[in-house]
Amino acid sequence: MIKIAPSILAADFSRLGEEVKRAERGGADYVHIDVMDGLFVPNITLGPLVIAALRPHTDLPFDVHLMIQRPGRYVKEFAEAGANIMTIHLEAEEEPAETLAAIRDHGSRPGLAIKPNTTLEAAKSLLRDLDLLLVMTVEPGFGGQAFMSEVLPKVEEAREFLDEEGLPIELEVDGGIDVVTAGMAARAGARVIVAGTGVYDGRVGSNIAKIRKSAEDGLESPP
């Protein structure tokens with residue numbers, strides 16, 4: 001039930017191909033790729049050319065998190081580069097429904113991300129258009145931040161709503177995830193766990209196994 005998506009934002013950028021392979025060998029389910037434009041968030045990372053260059057290095061699904069303004073402009077490019085899941089931010093697009101539809105039309109799975117201060121209510125009208133809902137547990141823009149436990153009630157609210165409505169949407173969390181907070185996030189209802197530093201700081205396979213175990217243990221404990 002739990003999927004682990006290592007974020008290559010915390011990987012060694014000088015050898016990203018090998019870092020992706022390390023995640024695959026270590027048992028990852030997805031590769032999480034953070035795309036930042038320096039406008040929506042105060043950081044710049046990578047774009048479609050790098051994703052396309054990474055695509056031959058693994059068969060794992062690419063979970064591409066677009067932290068960019070007006071992402072609808074680039075749906076075609078990211079789909080062609082190999083984005084299996086393409087997650088846009090509710091706060092970054094004037095017509096998110098149109099962009100989500102375009103993502104699906106281009107053969108990728110549409111996802112929607114919400115910042116810590118954005119309510120679930122603001123996203124509810126779009127949930128039936130999604131394959132994945134990403135609840136940020138840090139302010140987007142930089143890796144290595146501390147987990148915001150005050151966001152957990154929103155994760156619980158999302159889990160309850162998705163289950164009540166029977167929506168087969170993956171609920172993902174991203175930000176400050178380690179062997180402790182993974183269990184907290186899963187207990188609240190997350191089923192896809194994004195971890196950057198928690199995976200790439202040390203032995204990747206061992207870290208993935210520990211985070212997965214923490215999350216699976218969290219499933220067995222009530223919120």
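The figures here come from the full heavy-atom set of this structure, side chains too, leaving out hydrogens, waters and symmetry mates.
Note that CZ of R187 is 9.0 Å distant from CG of L152, once rounded to the nearest 0.5 Å. For the atom pair CG (L60) and CD (E24), the distance works out to 4.5 Å, reported to the nearest 0.5 Å. Here the CD1-CG distance, from I88 to L66, works out to 8.0 Å after rounding to the nearest 0.5 Å. Rounded to the nearest 0.5 angstrom, E80 CD and H106 NE2 are separated by 7.0 Å. Distance CG/N84 to CZ/R55: 5.0 Å, rounded to 0.5 Å. Taking CD1 of I208 as the reference point, atom CZ of R25 lies at 10.5 Å (rounded to 0.5 Å).
Follow the hydrophobic side-chain contacts under 4.5 Å out from I85 and you never reach I4; the two are in separate clusters. No path of Ile, Leu, Val, Met, Phe, Trp and Tyr side chains, each step under 4.5 Å between heavy atoms, connects M1 with L134, placing them in separate hydrophobic clusters. Hydrophobic clustering places F161 together with L171 (ILVMFWY residues linked when any side-chain heavy atoms are closer than 4.5 Å, directly or through intermediates). V138 and V155 are not part of a single hydrophobic cluster, where members link through side-chain heavy atoms under 4.5 Å apart. A continuous path of ILVMFWY side-chain contacts below 4.5 Å connects M148 to V179, so both sit in one hydrophobic cluster.
More than 12 heavy atoms of other residues, nucleotides or ligands sit less than 6.0 Å from atom NZ of K124. Surrounding OH of Y200 are more than 12 heavy atoms belonging to other residues, nucleotides or ligands, all under 6.0 Å away. Within a 6.0 Å sphere centred on CD of E150, other residues, nucleotides and ligands contribute more than 12 heavy atoms. Counted within 6.0 Å of NZ on K210, heavy atoms from surrounding residues, nucleotides or ligands total 12 or fewer; the atom is thus considered open. More than 12 non-hydrogen atoms from other residues, nucleotides or ligands lie less than 6.0 angstrom from CZ of R73.
Shown here for N207 and D201, the closest heavy-atom pair between the two residues is ND2-O, 3.1 Å. Considering all non-hydrogen atoms of both residues, V41 and P140 come closest at CG1-O, 3.5 Å. When all heavy atoms are compared, the tightest approach of V180 to S214 is O-OG, 4.0 Å. Nearest heavy atoms, A195 versus I211: CB-CD1, 3.8 Å. Closest approach of A28 to P6, counting heavy atoms only: CB-CD, 3.4 Å. Nearest heavy-atom pair across A190 and V173 is CB-CG1, 3.6 Å.
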What do the steps show when you test I114 against K154 for side-chain contact (heavy atoms from CB on, under 4.5 Å), and what is the final call?
CA-CA 10 Å; I114 51 178; K154 182 163 58 178; 4.0 Å; yes

When you look at L167 and L133, which way does the side-chain contact (heavy atoms from CB on, under 4.5 Å) test go after all the steps?
CA-CA 11 Å; L167 297 176; L133 175 66; over 6 Å; no

Quick one, I51 with L46, criterion side-chain contact (heavy atoms from CB on, under 4.5 Å). Give me CA distance, side-chain angles, the key distance, then yes/no.
CA-CA 8 Å; I51 294 173; L46 48 81; 4.2 Å; yes

Can you check side-chain contact (heavy atoms from CB on, under 4.5 Å) on L127 and L130, steps first, answer last?
CA-CA 5 Å; L127 293 183; L130 305 180; 3.6 Å; yes

Where do R104 and D131 land on the salt bridge (charged side-chain N to carboxylate O under 4.0 Å, His left out) test, with the steps shown first?
CA-CA 10 Å; R104 196 178 297 282; D131 285 355; 3.1 Å; yes

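Between the side chain of D174 and the main chain of M136, no donor-acceptor pair closer than 3.5 Å is present. In this structure, the side chain of E91 does not engage the main chain of T118 through any donor-acceptor pair within 3.5 Å. Under a 3.5 Å cut-off, the side chain of E93 and the backbone N or O of G72 do form a donor-acceptor pair. In terms of modelled atom types and a separation under 3.5 Å, the side chain of T137 and the main chain of G175 share a donor-acceptor contact. With R191 contributing its side chain and A186 its backbone, the two residues share a donor-acceptor pair below 3.5 Å. S108 places a side-chain N or O within 3.5 Å of a backbone atom of A83 that can act as its donor or acceptor partner. Of the possible donor and acceptor atoms, one in the side chain of D37 sits under 3.5 Å from a partner among the backbone N and O of Q69.
Contact check for I68 versus L39: no side-chain heavy atoms found under the 4.5 Å cut-off. Between D63 and V31 there is no side-chain heavy-atom pair separated by less than 4.5 Å.
Salt bridge annotation for E170-K3: present, with a cationic side-chain nitrogen under 4.0 angstrom from a carboxylate oxygen. Salt bridge absent: E156 and R159 never bring a charged side-chain N and a carboxylate O closer than 4.0 Å. Ion pairing of R212 with D29 is present here, as a side-chain N (NZ or NE/NH1/NH2) and a carboxylate O approach within less than 4.0 Å. For the pair R22 and E18, the salt-bridge criterion is not met [side-chain N within less than 4.0 Å of a carboxylate O].
Aromatic ring pairs are classed by plane angle as parallel below 30°, tilted from 30° to 60° and perpendicular above 60°; the pair H89 and H65 is parallel.
At a cut-off of 3.5 Å, with distance as the only test, no side-chain donor of Y30 or E172 sits close to an acceptor on the other residue. Side-chain atoms of D34 and H32 include a donor-acceptor pair closer than 3.5 Å. Between the side chains of D178 and T181, at least one donor N or O sits under 3.5 Å from an acceptor N or O.
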